[in-house]
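A quick write-up on the structure given underneath.
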There are 2 protein chains.
Amino acid sequence: MLLSTKGDYGVRALIDLAKHAGEGPVQRSDIARRRQLPESYLDHLLAQLRRDGFVRSTRGPGGGHELTRPAEEITLLSVLECLEGSLAPMVCVADANRGGESLCGQSWVWAEIYDDMRARLAAVTIAELVEHERQHERAIAANYSI
Amino acid sequence: MLLSTKGDYGVRALIDLAKHAGEGPVQRSDIARRRQLPESYLDHLLAQLRRDGFVRSTRGPGGGHELTRPAEEITLLSVLECLEGSLAPMVCVADANRGGESLCGQSWVWAEIYDDMRARLAAVTIAELVEHERQHERAIAANYSI
DNA sequence: TACAATGCTGAGTAGTTTAGTCGTGAATCG
DNA sequence: CGATTCACGACTAAACTACTCAGCATTGTA
Ligand code: FES
Ligand code: FES
């Protein structure tokens, strides 16, 4: 039932990019270090994200990666489906065969769960995750400053 | 993200047992044939279900498997967790470390999704699935009789 | 132009998981 | 006893995961 690490890692990377948006390209090595990801693995994830138009990359010195659009417009759902493929918990509720007859009498439950899940993931943007993180940092800072 | 077939198969088997409850032990081979499951695989699933107290088995001629309690008391969640282990979609939201600090800023989303999912699965019983199946059968029958 | 910094790509890989099969043994009924 | 049924563990092929690595392509700077 577990997602692979790809989705998690990819979202972490995009959060990092969003946080440094407007400061020019961010390098792979910086993302990897800050977010605790294996750099050579992150490489592949960024490639996929680029293919799907989430990021734009520039080579050469001073190069790196940037978001192609504001973080407010990037939903968690779109990122995860880019990196993980379909998030369907059962083959019979995958997007392809939604018209097909219910095979085993429990598929309707999974269909409901899947719809819920997608709705929740579609309602969260990378920008919100960045905001959450900033709030969390402020809370930590406040704790120490008291 | 996909569940393994174990959960699906196991639920199918329990639906079959529930449907024939009160008619004495049901044999593996019958379940396998009716529900289109590989019999020698079903074997392992029934073993697990027995270990966890969902079914009781008797050997010898006329032996087979029966539910230990009414289908109304068996939730989908309990069956799936028996056969699949934890259904957590991310390690960081697994039951073990629910107290642990959020690691990467998106775990709260997954925690919400996981809670939703468990709630939905806990709200459905094997008895309801049997009822659904019976209604479906009646609908088919009605269609043909017209 | 040389060269260093950076990203791009595909091949390879060790370990794990999935979805089973098979064989042997144990219990039970007649 | 012998047929029937479940019980259990060993085994396996195929797929997937989470990587690493080597080599190439592109770009900025001196
Ligand atoms: S076949 Fe899809 S839930 Fe059983
Ligand atoms: S570490 Fe759990 S969602 Fe990222």
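Note that these values count all heavy atoms, side chains included, but never hydrogens, waters or copies made by symmetry. Everything numeric in this text was worked out from a predicted model, so none of it was measured. Letters A, B, ... are given to chains in the order of the sequence lines, protein chains preceding strands, and every chain is numbered from 1.
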Just the rounded figure in Å: distance from [atom2] of [N] to [atom1] of [X].
X: Arg28(A); N: dA25(D); atom1: CZ; atom2: C1'; value: 13 Å
X: Glu39(B); N: dT5(D); atom1: CD; atom2: P; value: 10 Å
X: Gln36(A); N: dC19(D); atom1: CD; atom2: C1'; value: 17 Å
X: His44(A); N: dC21(D); atom1: NE2; atom2: P; value: 12 Å
X: Arg59(A); N: dG7(C); atom1: CZ; atom2: C1'; value: 5 Å
X: Tyr41(B); N: dG23(C); atom1: OH; atom2: P; value: 20 Å
X: Tyr9(B); N: dA19(C); atom1: OH; atom2: C1'; value: 8 Å
X: Lys6(B); N: dT18(C); atom1: NZ; atom2: P; value: 6 Å

Subject >> Nearest listed nucleotide, side chain of Pro61(B), among dA7(D), dT4(D), dT6(C) >> reply: dT4(D)
Within the 4.0 Å heavy-atom criterion, would you say [X] contacts the bases, only the backbone, or no part of the nucleic acid?
X: His65(B); value: sugar-phosphate
X: Ser4(B); value: sugar-phosphate
X: Thr58(A); value: sugar-phosphate
X: Ser40(A); value: base

Subject >> Arg50(B) vs Gly62(B), nearer the 5' end of DNA chain D by closest nucleotide >> reply: Gly62(B)
Subject >> Shortest non-hydrogen separation from Pro89(A) to Met1(A) and the atoms involved >> reply: CB-CE, 4.1 Å
Original post:
Can a side chain N or O of Ser57(B) be found less than 4.0 Å away from OP1 or OP2 on dA7(D)?
Top reply: yes
Original post:
Would one find more than 12 heavy atoms of other residues, nucleotides or ligands at under 6.0 Å from atom CD of Glu23(A)?
Top reply: yes
**OP:** Could you pick out which residue, Met1(A) or Gly64(A), lies toward the 5' side of DNA chain C when each is mapped onto its nearest nucleotide?
**Re:** Gly64(A)
Original post:
Using the ring of each side chain (for Trp, its six-membered ring), is Trp108(A) parallel, tilted or perpendicular to His132(B), with breaks at 30° and 60°?
Top reply: parallel
Original post:
Taking atom types as modelled and ignoring hydrogens, do the side chains of Gln48(A) and Arg51(A) form a donor-acceptor contact shorter than 3.5 angstrom?
Top reply: yes
Original post:
Of Val26(A), Leu14(A), Leu46(A), which meets side chain to side chain contact (heavy atoms under 4.5 Å, CB included) against His65(A)?
Top reply: Leu46(A)
Original post:
Is there a donor on the side chain of Asp43(B) or the base of dC8(D) sitting less than 3.5 Å from an acceptor on the other?
Top reply: yes
